[in-house]
Amino acid sequence: MADSNSEIVVIGAGPAGLTAAHELSKLGRRSVILEQDDQVGGISRTCEFEGYRFDIGGHRFFTKVDYVRQIWREILGNEMLTRPRLSRIYHDGKFFDYPLKPLNALLGLGPVEAVRIGLSFLRAQIAPAPRVASFEDWVVSRFGRRLFEIFFKTYTEKVWGMPCSQISADWASQRIRQLDLLVAVRNALIGSVATGQGEVVTSLIEEFEYPRHGPGQMWERCRDMLSEFGSKTMMETEVISVQHARGQVTGVVAQQPGMPEYLIRTDQVLSSMPVRTLLRCLDPAPPESVLRAAERLNYRDFLTVALIIEEPDLFQDNWIYIHSDEVQVGRVQNFKNWSPDMVPDQQKTALGLEYFVQEGDELWSLPDDELIALGTRECETLGLASADKVVGGSVVRMPKAYPVYDGTYQESLTEIRSWLDQIGGLQLIGRNGQHRYNNQDHSMMTGVYAARNIVGSEYDIWDVNVEEDYHEERDSKNLSTSGDRLVPSRIEIAPLERRIRELYARIDPVALGSAMGMMTGVTLFLATVVLLLRGAETSMPNISLLGNYFLGYGVSWFGSVVGLIEGSLAGYLLGWSMASLTNLVMRIEERKTFAAFEAGQMMNLYEADES
Ligand SMILES: Cc1cc2nc3c(=O)[nH]c(=O)nc-3n(C[C@H](O)[C@H](O)[C@H](O)COP(=O)(O)OP(=O)(O)OC[C@H]3O[C@@H](n4cnc5c(N)ncnc54)[C@H](O)[C@@H]3O)c2cc1C
């Protein structure tokens, strides 16, 4: 148990840090919270511009954990509103239901597009891809390429910054499991949307809670309550080093802008700063291998362009997913629809344009006024608001908004955790503190259990599960992913596997059909015309025998046109059949090769072919 005279240090005044301090106050313990920013709330803050409030992405308050709801009440009482949810997909000037309902999509896209989608769906069913490895393969095999291109490709690539062909198929099967096309048509007709397992998907929740003045209100009030209790939140105070000795944390060095560094002696630290940064701050430093593991952790960043628009009602949605690829914006929030109190003037609207970026990339580095101009242009392109109605704007950049789950993060975390376990009194909490793609409730519960551990409990804070209430004290050291949001991972195509695919590359039947069709039709047309121009005496009199195969063909002007049309059709059919037959053989051979490969019988193929 901690020395009750020693100061407890909490790093970070986001939901995890402030909830930890709040729980400690309920246990009668004071703490000092160190926050590098000039605002509390972390990613769940609410920013303000000329009285207009906006979130870093709209933050729904939804949880299955009663204790989290209780804390929200303790902090904000009846300032928590229950809000209806409306969010749609915007594509090509039209709105579509989200999550996608195929019948709604087909009706909205119009008859021509519906036929194209139908044909590409049929094609995917008749000639499915031999292997479903990527997100793209998965969606195309279920819905056809056309639906994939319209509703899945652009947004997914905007958010994750990688091609759908490189995202693992597992992610699709987890996220889109309710969208079986035929089941979806039935559901659309009877008006219910359910998962394959008959449960309602979290993202479909029709109502959610929301603080009257945005999520920041929750965390600003929490800071004030803590201050009344005697736990101070030190703003603009960056932790630059966490000291430890003989297996115990001993102090934290912090610094405020322009001020000298200072040391706070402590034997208890709750850290919600990004685990990668924490490892860099440890003094003495961890072994090289642990530091390298920390450096392998990656993040995706985020920026919001807030625009104030002189229009009382632009659209009814809380947010809109932007699937159009002519703009870079990924999602647009309408904060007035989250809570009317987010805007001071009801004749105006505040939009939050969300861009998914990488720190230091082109968009991230644009000056604010250029980002505001870009947001204004994109709003006009989308037809959401005209540029001359935009009366103000502001930009917020949020580094490390998303911890990335790539091929190595689990291994790195395991290595980091097992080394950190040796340092008593240091607990890692929250989203980036634990490198977890979570919601606020998970961050809050890690803070609650870490606080209780300080007064003698023994919770495994790495195993906090907000899908089911976590009641028991456990000692499991397993990495749990419960409570995480779904994150795509990059597929790894082994070079040998890629080589096999290249060996059995397919021929496009439409391309070969078109080429052969054009060649046959034009040749027959020209041959007939030449015969006609030369007169009856020709060197190719037998050409008229083609009339036995092409209905109405003869050596006449009418026959030349018949030859062009029917020759093209025949050539197309021949080319298409040849390509399809070849592809069938290729597919059978490729499957045999994969089977042999999987059975370990093809060890030398790659090397042999490389020479
Ligand atoms: C676009 C988007 C939308 C989201 N929507 C929702 C939603 O609808 N509902 C929901 O529940 N959750 C949502 N989330 C998730 C939610 O924002 C997080 O789960 C939550 O904010 C994590 O809280 P935290 O305290 O763990 O971390 P953070 O919010 O990241 O807070 C960590 C704090 O530590 C501080 N810090 C870092 N380094 C140092 C240092 N060296 N010294 C001092 N301080 C430091 C940071 O400045 C920050 O204030 C969303 C997230 C994003 C990105």
Side-chain angles (χ1 to χ4, degrees), residues 9-21 32-46 54-65 68 72 83 85 87 159 202-203 205 208-211 214-216 218-219 222-223 233-242 252-256 269-281 299-304 318-319 330-331 333 338 352 354-357 396-403 428-447 450 461 464 466 483-485:
V9 175
V10 177
I11 306 176
L18 288 173
T19 306
V32 58
I33 304 117
L34 308 178
E35 171 54 56
Q36 67 181 7
D37 232 307
D38 59 359
Q39 234 190 313
V40 295
I43 307 170
S44 305
R45 74 186 58 184
T46 301
F54 57 95
D55 304 356
I56 308 300
H59 271 63
R60 281 186 294 160
F61 283 62
F62 174 80
T63 185
K64 292 179 181 168
V65 184
V68 168
W72 291 343
R83 300 296 298 161
R85 175 206 160 126
S87 57
V159 175
T202 312
S203 62
I205 293 158
F208 55 85
E209 291 191 272
Y210 191 71
M218 173 77 66
W219 305 116
C222 185
R223 173 204 55 203
T233 305
M234 317 263 299
M235 302 307 297
E236 295 189 82
T237 306
E238 185 186 6
V239 169
I240 51 176
S241 145
V242 174
V252 169
V253 178
Q255 189 171 32
Q256 290 175 325
V269 174
L270 306 184
S271 167
S272 69
M273 68 196 278
V275 60
R276 190 172 79 185
T277 323
L278 173 73
L279 270 277
R280 286 178 189 164
C281 286
Y299 304 88
R300 185 132 175 89
D301 313 296
F302 179 92
L303 72 81
T304 296
N318 307 93
W319 69 93
R331 217 165 39 177
Q333 304 283 345
W338 287 74
E354 301 178 5
Y355 295 87
F356 304 95
V357 290
V396 176
R397 291 174 185 76
M398 180 53 69
K400 300 189 177 59
Y402 298 93
L428 273 55
I429 57 173
R431 181 171 170 108
N432 286 332
Q434 294 195 341
H435 203 79
R436 294 282 287 269
Y437 180 43
N438 68 2
N439 275 318
Q440 285 176 98
D441 58 347
H442 177 268
S443 274
M444 291 173 66
M445 289 311 290
T446 58
I461 50 167
V464 170
V466 287
D484 286 3
R485 294 155 69 136

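For ligands, and for the atoms within them, numbers begin at 1 and follow the listed sequence. Note that the structure is a prediction, hence the values are computed from the model and not measured.
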(message) Distance under 4.0 Å to a non-hydrogen atom of L34: what atoms of ligand 1 satisfy this?
(response) 43 (C), 44 (N)

(request) Under 4.0 Å, heavy atoms only, figure out whether ligand 1 is touched by the backbone of V239, its side chain, both or neither. (result) both

(request) For P15 and ligand 1, answer yes if some heavy atom of the residue is under 4.0 Å from a ligand atom, otherwise no. (result) yes

(request) Would you confirm whether R331, through its side chain, and W319, through its main-chain N or O, come within 3.5 Å as a donor-acceptor pair? (result) no

(message) Could you tell me, atom by atom, which parts of ligand 1 come under 4.0 Å of a heavy atom of A401?
(response) 53 (C)

(message) What I want to check is whether the side chains of N318 and Y210 have a donor and an acceptor closer together than 3.5 Å.
(response) no

(request) Using heavy-atom distances, let me know which of M235, M444, Q255, H59 sits nearest atom 14 (N) of ligand 1. (result) H59

(request) Could you list the atoms of ligand 1 found under 4.0 angstrom from a heavy atom of S272? (result) 32 (C), 34 (O)

(request) State the atoms of ligand 1, each with its element, that fall below the 4.0 Å cut-off from a heavy-atom position in R60. (result) 7 (C), 8 (O), 9 (N), 10 (C), 11 (O)

(message) Using side-chain heavy atoms (C-beta onward) and a distance below 4.5 Å, is D301 in contact with R397?
(response) no

(message) Any donor-acceptor pair under 3.5 Å linking the side-chain atoms of W72 with those of Q440?
(response) no

(message) Could you check whether any side-chain heavy atom of L18 comes within less than 4.5 Å of a side-chain heavy atom of T233, counting everything from C-beta outward?
(response) yes

(message) Determine whether the aromatic ring centres of residues W338 and F208 are separated by less than 6.0 angstrom.
(response) yes

(message) With a 6.0 Å cut-off on the ring centroids, do F302 and F356 count as close?
(response) yes

(request) Would you tell me which option among M273, M398, E35 has the nearest heavy-atom contact to atom 35 (C) of ligand 1? (result) E35

(message) Tell me the closest heavy-atom pair linking P274 and K400, and the distance in Å.
(response) CG-CD, 3.7 Å

(message) With respect to Q36, determine whether any N or O atom, backbone or side chain, lies less than 3.5 Å from an N or O atom of ligand 1.
(response) yes

(request) Please could you name the atoms of ligand 1 that E238 approaches to less than 4.0 Å, counting only its heavy atoms? (result) 41 (N), 42 (N)

(request) Locate the shortest heavy-atom distance separating L34 from A254; write the atom from each residue and the value. (result) CD1-CB, 4.2 Å

(message) Tell me the nearest of P215, G57, G58, S443 to atom 5 (N) of ligand 1, using heavy-atom distances.
(response) G58

(request) Please state which part of F302 comes within less than 4.0 Å of ligand 1, counting heavy atoms only: side chain, backbone, both or neither. (result) side chain

(request) May I ask you to list the atoms of ligand 1 that are less than 4.0 angstrom from any heavy atom of N438? (result) 15 (C), 18 (C), 19 (O)

(request) Would you mind telling me if ligand 1 is within reach of the side chain of Y402, the backbone, both or neither, using heavy atoms under 4.0 Å? (result) side chain

(request) Please work out whether any backbone atom (N, CA, C, O) or any side-chain heavy atom from C-beta onward of I240 is under 4.0 Å from ligand 1, and answer side chain, backbone, both or neither. (result) neither

(message) Just so I know, are the side chains of I429 and T19 near enough to count as touching, which here means a heavy-atom distance under 4.5 Å?
(response) no

(request) Specify side chain, backbone, both or neither for T446, according to which of its non-hydrogen atoms lie closer than 4.0 Å to ligand 1. (result) neither

(request) May I ask you to list the atoms of ligand 1 that are less than 4.0 angstrom from any heavy atom of A16? (result) 24 (P), 25 (O), 26 (O)

(message) Using a 4.0 Å cut-off to any heavy atom of I56, which atoms of ligand 1 qualify?
(response) 1 (C), 2 (C), 3 (C)

(message) Under 4.0 Å, counting heavy atoms only: does T19 come that close to any atom of ligand 1?
(response) no

(message) Using every non-hydrogen atom in the two residues, find where D37 and R45 come nearest and quote the distance to one decimal.
(response) OD2-NH2, 3.0 Å

(request) Output yes when the distance from some N or O of ligand 1 to some N or O of D441 is under 3.5 Å, and no in every other case. (result) no

(request) Go through the structure and list residues passing side-chain hydrogen bond (donor to acceptor under 3.5 Å, both in side chains) with T277, not counting sequence neighbours. (result) none

